[in-house]
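Both counts, for ligands and for their atoms, begin at 1 and track the order of listing.
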Amino acid sequence: MEEDKSSNTIEPQKGAQELPFDWPKQAWTHFELVRQKSPLIQCITNFVSMDFMANTLLSAGASPAMIHSVEEIPEFTPKALGVCINAGTLTPDWLPGMKLAAQVANQSKKPWVLDPVAAGGSSFRLKACLELLALKPSVVRGNGSEILALFKGCVDSNSKGVDSVHGSSDAVEAAKSIAQQSGSVVAVSGAVDYITDGDRVVCVHNGVPMLQKITASGCSVTALIAAFVAVDPSHAVEATASALAIFGVASETGMDMARGPASLRTLLIDSLYGLGEATALSRVRINHL
Ligand SMILES: Nc1ncnc2c1ncn2[C@@H]1O[C@H](COP(=O)(O)OP(=O)(O)OP(=O)(O)O)[C@@H](O)[C@H]1O
Ligand SMILES: Cc1ncsc1CCO
Ligand SMILES: [Mg+2]
């Protein structure tokens with residue numbers, strides 16, 4: 001039976017120059033596609049993030065698989081609709097599997113997303129992240145310090161590891177430059193998330209500051225980006241902005257009942273699972289720089 005490819009992509013809006021782009025609708029439509037298609041997302045990720053990342057993907061309607069053994073990648077990675085590669089607890093024995101998964105994803109024409117956790121924290125980590133970047137991820141998502149480290153190509157003496165010591169706005173030009181050189185879409189997360197293909201810059205204003213107090217919230221939104229891009233690979237900027245906005249909206253509605261980071265973590269997963277169209281359409285806040 002021939003595959004119905006028409007429902008796998010979102011057509012760009014007609015007359016986009018005359019009409020304002022309907023970002024809330026775009027974000028909702030991407031989320032609906034994830035729920036409909038339930039994409040299998042392979043995650044090669046750090047030990048801290050595994051549970052929250054898998055639950056984030058499940059609550060959004062995707063199907064996570066934390067499979068990282070180099071022996072399984074040639075057979076398993078082609079089955080995935082998208083791949084998430086995260087350097088959080090990187091060791092030399094994990095790096096070959098990450099590179100192989102990136103190559104197999106490229107060969108299978110599947111999108112893969114890189115999270116260069118703490119890229120400026122050590123020379124080993126920076127070199128590994130730059131080698132992964134050279135394999136041309138569809139999307140790179142990092143905080144301000146991580147994107148600046150990739151851009152400068154040197155270890156940051158002020159690095160606080162996985163936590164950013166820069167605002168996301170400090171890294172917009174670096175993100176544009178990386179996107180131009182690599183061909184990847186680059187997303188910088190923070191109070192405002194910036195998404196760029198090296199030309200356009202899209203800003204997402206959703207989210208709550210308490211996300212910084214939940215470990216692996218960034219890792220989890222990177223996996224969500226992989227799911228959104230997996231269902232619409234030809235519109236990586238739109239899919240990435242949509243994932244960041246939907247995750248941000250879920251954190252905002254979760255925050256209404258949260259008593260601190262631990263309850264917000266649980267409520268965010270519940271909010272993502274139950275998020276409806278009216279809430280999404282009224283709360284998504286995306287514009288262009
Ligand atoms: N001040 C803030 N206000 C609103 N949302 C925020 C703020 N800071 C971060 N976020 C949101 O939190 C999520 C994680 O982004 P962040 O930049 O903290 O990632 P990270 O540093 O890589 O996190 P981690 O390493 O813990 O996974 C994103 O969805 C982002 O939009
Ligand atoms: C805390 C921590 N350390 C390595 S990875 C990780 C999860 C947040 O990036
Ligand atoms: Mg991170």
When you measure from atom 3 (N) of ligand 2 to every protein heavy atom, which one gives the shortest distance, and what is it?
Val162 CG1, 3.6 Å
Looking only at heavy atoms, what is the nearest atom pair of Leu244 and Ala187, with distance?
CD1-CB, 4.2 Å
Looking only at distances, please establish whether an N/O atom of ligand 1 is found under 3.5 Å from an N/O atom of Phe247.
no
Val48 heavy atoms, cut-off 4.0 Å: which ligand 2 atoms fall inside?
2 (C), 6 (C), 7 (C)
Which is it for Arg141 and ligand 1 at heavy atoms under 4.0 Å: side chain, backbone, both or neither?
side chain
Which of the ligand 1 atoms, numbered from 1, are nearer than 4.0 Å to a heavy atom of Gly207
4 (C), 5 (N)
With sequence neighbours excluded, residues passing side-chain contact (heavy atoms from CB on, under 4.5 Å) with Ile44
Gln42, His68, Ile73, Trp94, Met98, Ala101
Closest candidate by heavy atom, reference atom 6 (C) of ligand 1, pool Ala118, Pro209, Gly88, Gly190
Gly190
Going by the order shown, which atoms of ligand 1 are within less than 4.0 Å of some heavy atom of Gln212?
1 (N), 2 (C), 7 (C), 8 (N), 9 (C)
Indicate, as side chain, backbone, both or neither, the part of Val204 found under 4.0 angstrom from ligand 1 when only non-hydrogen atoms are considered.
neither
Any heavy atom of Val117 sitting closer than 4.0 Å to ligand 1?
no
Quick check: does Leu244 get an N/O under 3.5 Å from an N/O on ligand 1?
no
Counting non-hydrogen protein atoms only, what is the nearest one to atom 2 (C) of ligand 1? Give residue, atom name and distance.
Ala191 CA, 3.4 Å
Report the relative orientation of the aromatic rings in Phe228 and His30; use parallel for angles under 30°, tilted for 30 to 60°, perpendicular for over 60°.
parallel
Tell me the protein heavy atom at minimum distance from atom 1 (C) of ligand 2, and give that distance in Å.
Thr215 OG1, 3.7 Å
Are any of the heavy atoms in Ser49 under 4.0 Å away from ligand 2?
no
What do we get for Cys219 next to ligand 2 when only non-hydrogen atoms under 4.0 Å count, side chain, backbone, both or neither?
side chain
